[in-house]
Structures are given as structure tokens and as C-alpha cells.
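Taking it in order: structure first as C-alpha cells, then the write-up.
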Amino acid sequence: MEVKRMNRNRIFRYINGTDKTSMPDIAAALGMSGPTVLQIVKELMELSLVKEVGTFQSTGGRKAKAIAVEQEYCYSLGVDITRNHLSFVLIDLAENIQKYVRIRKSFVFEETYFSEIRELLEEFVESCQIPKDKIIGVGISVPGIVDQVQNKITRAHTLNLLNVDGSIFSKYIPYPYTLLNDANAAVMAECSKEENPGNMAYLSLSNTVGGALVFKQNGINEMGYQNGLFEKIYTGDNWRSGEFGHMVIHPGGRTCYCGKEGCLDAYCSALRLADLTDGDLGAFFREMENGSREFQGVWETYLDDLAIAVDNLRMCFDCDVVLGGYVGSYMEPYLEQLQEKVAKKNTFGYTGDYLKVCKYRTEMSALGAAVYQIENYINTI
């Protein structure tokens, strides 16, 4: 029974990672026998989790039936709470974004704020025009340290929260919910649809600097099952891993909000750029591209400081470094420039090609929070 469950989960995940596939392709990709694949696919069809969607062109024999996931089988919601806005995302079983919205809303730790979250979330669900009973849960992303065992926000500087019990959300969210750190949620989005994501240090460059670590060797448990994405994220002994913003890159330098001097956050948060254009990060990049010498100089210094952090992450973890967050979403045109800077610091190589830009650049934390719920559900198949 355990082997059968493992095979069923592997087959479903494989189908879910494709637009459509065939039983011969599944058998070849997963190294399973044809009869095993046939029986499990039949079971998944009986459960209405997968369906036939036509046939493939013949390669000389009988046409293979095309199989795809029933994407509308269930949905999940992602909510991203920040100091200045709320984001909602709806995804289907195949982790495709169905709809998202960002709402300007300042955070206050008051009952009226949480009541408004409930109202806005209900309005968002209504606008999606889906059956509410198909929503399996809500992932809630917050910019802070989240202890998932105790369901507690232990600290969230930008929201001014300390040791807040997550049960407060149960009064206002009419679905099962899970709290997540925003960077951990973002890396869930980055790894979604990847059958076996590799090792990764995800550096989130938003209004605070954070990050997450993905280790693929944590992805197989003792029974041989492929664990969910979150189980590949290294969370540390105290749920504080990935606090890259508090690495000191300039000893005795600028004072960080944490009280230390010279932290990466004090040099490479998105606010270092956005504050020059009244909080509009996009305006900073537009002005720089329009020839502002001042902004070009600020950007050059920003990249120099960022290169120090990127090199440190590479030296510590020997893996790809992915740039995300608000600044990460603008980084692609400047990636080669930054890669050249980090290549000069690379003791064990001559290139910076290990440095990449995030693939999801819109509401990545809300998306990842929703992905978390879908991944948990898929683990039960």
C-alpha cells in the first residue's frame, strides 16, 4: 500500500507538471510498468483528479490518449499582508494563477483591519466566480518570523508585531489557513511546477531584505516519498533561517533597524532606491534609464553592495542565488552587469552564471502562500 501511494503521488505530480501527457510517456519518465500506470491513472480518473483530453498523433501504432489534470477540481487562496498593501491570489490545482489583485491598505493591529480583510477576501472570491466549497485553504504571507509549529508570528518589524498568536486569523478567515514568512512563500512560488527543484538561496530585495534556502536533499523522506516543497525549505532551529538582510557587509556602517551597524538591509532594501522617488521604485529605474547621473551612481553603489552579499551566499551554500522581491522584479536588464561584479569575487570560478532573477515577479509571496496549500493537498493524493 505504501509503494502504491508513493507511485500514485509521483504519477499525479508528473501529470500535474505537464499541459497533457500520455500513459507511455508517464511510464518512460518515471520508470514504471505500463500496467501500473494504467491502473493508477484509472483510479485518478475515478476520483475526477485527471481526465482524457483527446489523443496524440500516431507514431505508427494506435494513438495514445492525452491525459491532463482536472484543474478546476479545487482551488487555493494566497494572501500577502504588508505594511502598506494587501494582495490576494487564486490558483487552481495545477498551480495556475486564475486571478490576483493588490489593494492599498495600511496595516494596523486592530479588529477593524482584520474584519476588512475578511470582507475584501469575500469580495475577491465572489469576483472569481468559483464554487466556495472547492477552496481547500488560504496561505497567509507576512513579512516576519513565523513559527509554524506554534502558529505564531514571533516578530514582524515592519508590522510592529511581537509574539502574536496566529489564531487571530481563525476569527476572520472562513477557510483553513496557514501562516508563512513572506520570503519562504516567495520561494514556494519560485519552485512551483518544478518536479525536483535544485539547491537555491533566494534573496528577497523588498522594503526589507530577507530570503529563503531550498535544499533538494531534504526532499526525500525515509519512506522514499517526494516531500512537499515546504519540506525542502530550510527553516532553521528557530524559524529564523534566511535572514540575509542582517548579514553585516560594512562593519561599523549604517545603522540597521535591528540595531546593528552595516547590515545588508541598510544598503540593499528596495527603500534605498524608492525613497529617492517618493516611494515609487519604478520611477527610480525610469529616471536612471533616462540618464540621471545621480541615480546611475546610486545604482552602481547598490550593485557593489549587493555583489558582496551574493558572493557571501555563494561561498556559504555553493548553489544558485536567485534575486527576488521588489528589486528582483526589475533586475533582469541589469543581471549581466551584476554577474560581472560577482564573477570578480568568485574564488572557485570565473563566471557569475549561478546568479539568476526570479521567474515570478508579480505578487510572488501571495502566490507562494497559495501554492503551499495546493502542495499540502497534493501530498494526500
Decide side-chain hydrogen bond (donor to acceptor under 3.5 Å, both in side chains) for N9 and R5; before the verdict, give the C-alpha distance in whole Å, the side-chain angles of both, and the deciding distance to 0.1 Å. CA-CA 6 Å; N9 194 265; R5 191 172 94 80; over 6 Å; no
Which atom of [X] lies closest to which atom of [Y], heavy atoms considered:
{"X": "A270", "Y": "L205", "answer": "CB-O, 3.9 Å"}
{"X": "R10", "Y": "L30", "answer": "NH2-O, 3.5 Å"}
{"X": "M247", "Y": "A309", "answer": "CE-CB, 3.9 Å"}
{"X": "M200", "Y": "V187", "answer": "SD-CG2, 3.7 Å"}
{"X": "V322", "Y": "V357", "answer": "CG1-C, 4.0 Å"}
{"X": "A343", "Y": "T351", "answer": "CB-C, 3.6 Å"}

Say whether [X] and [Y] are linked into one hydrophobic cluster, either directly or through other cluster members, by side-chain heavy-atom distances under 4.5 angstrom.
{"X": "L338", "Y": "V298", "value": "yes"}
{"X": "I117", "Y": "L180", "value": "no"}
{"X": "Y372", "Y": "I153", "value": "no"}
{"X": "W299", "Y": "L203", "value": "yes"}
{"X": "I91", "Y": "I81", "value": "no"}

N/O donor-acceptor pair under 3.5 Å between [X] side chain and [Y] backbone:
{"X": "T380", "Y": "N376", "answer": "no"}
{"X": "Y267", "Y": "L306", "answer": "no"}
{"X": "D80", "Y": "E363", "answer": "no"}
{"X": "Y113", "Y": "K105", "answer": "no"}
{"X": "D92", "Y": "N96", "answer": "yes"}
{"X": "N84", "Y": "R104", "answer": "no"}
{"X": "S76", "Y": "A370", "answer": "yes"}
{"X": "K260", "Y": "Y257", "answer": "no"}
{"X": "D311", "Y": "V342", "answer": "no"}
{"X": "N290", "Y": "R286", "answer": "yes"}

Would you check, one step at a time, whether the test side-chain contact (heavy atoms from CB on, under 4.5 Å) holds for S170 with Y177? CA-CA 8 Å; S170 63; Y177 74 93; 3.8 Å; yes
Between [Y] and [X], is there a side-chain heavy-atom distance shorter than 4.5 Å?
{"X": "T82", "Y": "N207", "answer": "no"}
{"X": "S204", "Y": "D182", "answer": "no"}
{"X": "L90", "Y": "V125", "answer": "no"}
{"X": "V101", "Y": "E123", "answer": "no"}

Taking NZ, NE, NH1 and NH2 as the nitrogens, is one of them in [X] or [Y] under 4.0 Å from a carboxylate oxygen of the other?
{"X": "E122", "Y": "K132", "result": "no"}
{"X": "K134", "Y": "E72", "result": "no"}
{"X": "E375", "Y": "K232", "result": "no"}

[atom1]/[X]: more than 12 non-hydrogen atoms of other groups inside 6.0 Å:
{"X": "E261", "atom1": "CD", "result": "yes"}
{"X": "R240", "atom1": "CZ", "result": "no"}
{"X": "E46", "atom1": "CD", "result": "yes"}
{"X": "Q337", "atom1": "CD", "result": "yes"}

Classify the angle between the aromatic ring planes of [X] and [Y] as parallel (below 30°), tilted (30 to 60°) or perpendicular (above 60°).
{"X": "Y234", "Y": "F215", "answer": "tilted"}
{"X": "F295", "Y": "F284", "answer": "parallel"}
{"X": "H85", "Y": "Y326", "answer": "tilted"}

I'd like to know if the side chain of [X] pairs up with that of [Y] as donor and acceptor (distance under 3.5 Å, no hydrogens or angles considered).
{"X": "T36", "Y": "S33", "answer": "yes"}
{"X": "Q296", "Y": "E300", "answer": "no"}
{"X": "D25", "Y": "S22", "answer": "yes"}

Run the ring-centre check on Y334 versus F285 and record whether the distance is less than 6.0 Å. yes
Using a 6.0 Å distance limit plus a 45 degree cone around the ring axis, check whether K20 lies over the aromatic ring of F56. yes
Please list all pairs passing the ring-ring contact (aromatic ring centres under 6.0 Å, His included) test where one or both residues lie in residues 337-360, with sequence neighbours left out. none
Side-chain atoms of residues 154-164: list all donor-acceptor pairs with protein atoms under 3.5 Å, sequence neighbours left out, distances to 0.1 Å.
unit_1 : atom_1 : unit_2 : atom_2 : d
T154   : OG1    : I145   : O      : 3.3

